[in-house]
Amino acid sequence: MMDDRPKMGDGNNEKRKAAFHAILGRALTDAEFRGDLKNTGTRQSVVSDVLQGTGVQYSEISEDLEAAISAVEKLAGHFDPDLRAAS
């Protein structure tokens with residue numbers, strides 16, 4: 001049986017996961033935010049705003065974020081522009 005509970009020292013990893021999920025959740029429900037994520041000129045700024053107070057820095061998640069943005073775009077293609085069907 002797998003143990004999915006956080007391990008000692010996983011606190012930072014859990015913070016990154018929580019911050020990452022907050023960003024993706026917002027991207028799925030906020031078309032304007034999703035547009036800002038697609039734009040490499042505004043991405044760091046809007047993500048940094050979401051990360052404020054989490055203790056997580058943009059650089060810690062930037063690589064995974066790039067892949068996630070691509071995945072969100074593919075998902076968004078299955079719904080209307082405002083993702084009304086997903087909310």
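These figures come from a predicted structure and were not determined experimentally.
Side-chain contact between Ile23 and Leu51: present, with at least one pair of heavy atoms (C-beta onward) separated by less than 4.5 Å. Residues Val47 and Asp36 are not in side-chain contact: their nearest non-hydrogen atoms beyond the backbone lie 4.5 Å or more apart. Two residues are said to be in side-chain contact when any heavy atoms from C-beta on lie closer than 4.5 Å; Ile69 and Leu24 fail this criterion. Taking the side chain as every heavy atom from C-beta outward, Phe20 and Val56 never approach each other to under 4.5 Å.
Atom CD of Glu32 is separated from atom OG1 of Thr42 by 10.0 Å, given to the nearest 0.5 angstrom. Note that the CG atom of Asn39 and the CZ atom of Arg34 stand 14.0 Å from one another [nearest 0.5 Å].
No option in Val50, Leu28, Asp49 other than Val50 meets the side chain to side chain contact (heavy atoms under 4.5 Å, CB included) test with Phe33.
The closest donor-acceptor contact from the side chain of Ser48 to the backbone of Ser45 lies at 3.5 Å or more, if one exists at all.
In this structure, Gln44 has no side chain to side chain donor-acceptor pair (under 3.5 Å) partners at least two apart in sequence or on a different chain.
Here side chain to side chain donor-acceptor pair (under 3.5 Å) pairs that include residues 54-71, with residues two or more places apart or in two chains, are Arg16-Glu60, Arg43-Glu66.
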